[in-house]
Amino acid sequence: MFAAGTYIKRRKRLQSDIQSGLILLLGNDESPMNYPDNAFSFRQDSTFAYFFGLYQPGLAAIIDVDEQRECVFGEDVTVDEVIWTGPQPTVKDRCSAIGVRDTASLDKLQPILKGALAKGRQVHILPQYRGRSILQICELFGIGPAELGEYVSEELIRAVVAQRSVKSDEEIREIEAALDIAYEMQTTAMRTARPGLYEREVAGAMEGIAISRGGRLSFPTIFSIHGETLHNHCHGNIMSEGDIAVNDCGAETALGYASDITRTISVGGRFSQKQREIYSVVLDAQQKAIEAIGPGIEFRSVHRLAAGVLLSGLKGLGLVKGDVDEALEAGAHALFFPCGLGHMMGLDVHDMEGLGEDYVGYSDTVLRNPAFGWRSLRLGKALEPGYVITVEPGIYFIGQLIDRWRSEKTCESFIDYNTVEKYKDFGGIRIEDDIVVTESGRRVLGRGIPKTIDEVEGAWS
Ligand code: GLY
Ligand code: MN
Ligand code: MN
């Protein structure tokens with residue numbers, strides 16, 4: 001964990017950002033895999049970790065804004081439990097390390113909350129994403145799941161998002177530690193992907209690296225020769241000479257800070273001419289997008305810029321025709337790039353998505369565009385120094401989408417469907433890096449992972 005001062009400062013600011021009432025923050029509990037004692041690897045709730053730096057299951061906390069008090073609720077392990085868990089610090093000891101004086105057992109939580117609600121005080125909660133947490137809050141409040149939404153506090157969401165969005169230097173260092181692990185994962189994949197191997201052999205080796213470095217995966221690895229499927233978590237294909245594989249993977253540190261990197265590699269070590277051409281277009285879009293990033297720049301304009309570069313490149317290869325600006329306006333790019341250019345990243349790989357993407361990526365003046373492709377852009381608003389974001393353009397040839405657009409004659413004045421047909425078995429290419437917005441522009445985080453065609457081919461040998 002960070003030093004106590006970090007967490008004290010974060011909680012103080014949260015307290016001052018909320019007008020009045022109580023803030024209830026729930027930590028995560030164990031999540032059983034197939035029976036209660038066989039749980040998934042424990043992952044703390046990111047907001048709880050952000051404000052309390054405690055990484056044990058079964059904790060909750062209240063910050064009383066009006067009385068300026070805070071208390072962490074949880075149970076110490078009993079001797080019977082120590083037999084199975086080994087000796088554990090008490091909740092009190094853990095809390096003193098993060099600057100919280102008051103602790104209590106979990107059964108004290110309900111009387112405090114019910115008492116506050118009975119007095120008409122507001123209890124602020126965040127949206128919940130785990131069934132068990134939903135049930136816990138319902139039980140605490142004496143309500144049904146359908147009523148939970150009434151207690152979700154927009155004021156609290158906005159305060160948490162405002163604070164977590166801007167990363168401090170020590171957070172950036174953690175993210176770069178996660179990127180060091182991603183570097184090893186990516187370069188290992190470049191060295192080991194070979195014709196005749198299953199994708200899972202590479203994916204497994206990468207997961208082993210994340211775990212052996214004291215972290216874990218920041219999201220389920222996407223390693224696939226079917227890179228046209230954006231979030232393809234299946235690793236069951238045998239790789240062949242001539243295949244390209246999209247490798248979108250990342251690690252998180254013990255504190256939970258993520259990395260999220262994509263490289264597209266040639267399984268046989270050499271890209272074909274056709275692959276080189278598409279790769280160069282994606283790389284050009286990524287480099288131009290990164291160069292455009294800076295404080296005050298709306299990320300939706302960077303997305304538009306990248307989409308325009310993709311269209312121009314595809315026009316040069318004969319897949320797109322007509323005026324590129326008009327094609328962009330008509331949304332023609334979304335046939336090849338049906339997703340967003342990037343997202344915020346931090347303690348969650350899609351940072352704070354659980355709090356509501358529009359709070360994180362949009363604002364009162366920059367609203368999500370509902371058009372196909374644009375609607376999947378997770379981040380559109382103006383960037384600020386300290387934001388950590390991904391830049392991940394791609395070109396994807398999705399057979400069923402091509403068939404649908406062609407049969408519906410979508411954008412037919414901008415797309416040469418006869419040429420596109422010849423790419424239906426191409427797969428996809430994505431290139432992704434993690435960037436911090438600085439006062440003067442941007443910095444690509446982490447060690448440079450091979451990215452140009454020459455670098456990626458050179459890493460294979
Ligand atoms: N790793 C998933 C993504 O890039 O959004
Ligand atoms: Mn990403
Ligand atoms: Mn990714």
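We count ligands from 1, going down the list as the structure has it; atoms in each ligand are counted the same way. The chain is numbered in sequence order, starting from 1. Everything numeric here is computed off the predicted structure, so don't read it as measured data.
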I'd like to know whether E329 forms a salt bridge (Lys or Arg N to Asp or Glu O under 4.0 Å) with R304, so could you lay out the CA-CA distance, the side-chain angles of the two residues, the decisive distance to 0.1 Å, and finally the verdict. CA-CA 9 Å; E329 218 43 59; R304 178 178 291 275; 3.3 Å; yes

For [X], atoms of ligand 1 separated by under 4.0 Å from a heavy atom:
X: E392; result: 3 (C), 4 (O), 5 (O)
X: E432; result: 4 (O)
X: F219; result: 1 (N)

Carefully, step by step, assess E277 and Q273 under the rule side-chain hydrogen bond (donor to acceptor under 3.5 Å, both in side chains). CA-CA 6 Å; E277 287 167 356; Q273 182 57 28; 3.2 Å; yes

Of all the heavy atoms in [X], does at least one lie under 4.0 Å from an atom in ligand 1?
X: R430; value: no
X: R378; value: no
X: T390; value: no
X: D248; value: yes

Angle subtended at the Mn ion (ligand 2) by OD2 of D260 and OE2 of E392, nearest 10°: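 Centred on the Mn ion (ligand 2), the OD2/OE2 angle is 160° (to 10°).
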
Pick from V152, L24, I23, L25: which one makes a side-chain contact (heavy atoms from CB on, under 4.5 Å) with L126?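 Result: among V152, L24, I23, L25, L25 is the only option passing the side-chain contact (heavy atoms from CB on, under 4.5 Å) with L126.
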
Stepwise salt bridge (Lys or Arg N to Asp or Glu O under 4.0 Å) check, D323 with K315: CA-CA 9 Å; D323 183 81; K315 184 176 171 183; over 6 Å; no

Only N/O/S atoms count here: what is the atom of D248 closest to the Mn ion (ligand 3) called?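 This turns out to be OD1.
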
Atom name in E432, limited to N/O/S, at shortest distance from the Mn ion (ligand 3):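 For E432, the N/O/S atom sitting closest to the Mn ion (ligand 3) is OE1.
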
Report yes or no: does H343 have an N/O/S atom closer than 2.8 Å to the Mn ion (ligand 2)?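 Looking at H343, which is the residue asked about, there is an N, O or S atom under 2.8 Å from the Mn ion (ligand 2).
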
Cation over ring, R406 on Y417, under 6.0 Å and within 45°?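 So R406 doesn't make the cation-pi contact.
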
Name the orientation class of the two ring planes belonging to H303 and H333 (parallel below 30°, tilted from 30 to 60°, perpendicular beyond 60°).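 Ring orientation, 0 to 90° scale: perpendicular.
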
Would T6 and E170 count as a side-chain hydrogen bond (donor to acceptor under 3.5 Å, both in side chains) if you check the C-alpha gap in whole Å, the side-chain angles of each, and the deciding distance to 0.1 Å? CA-CA 9 Å; T6 293; E170 63 185 349; 2.5 Å; yes

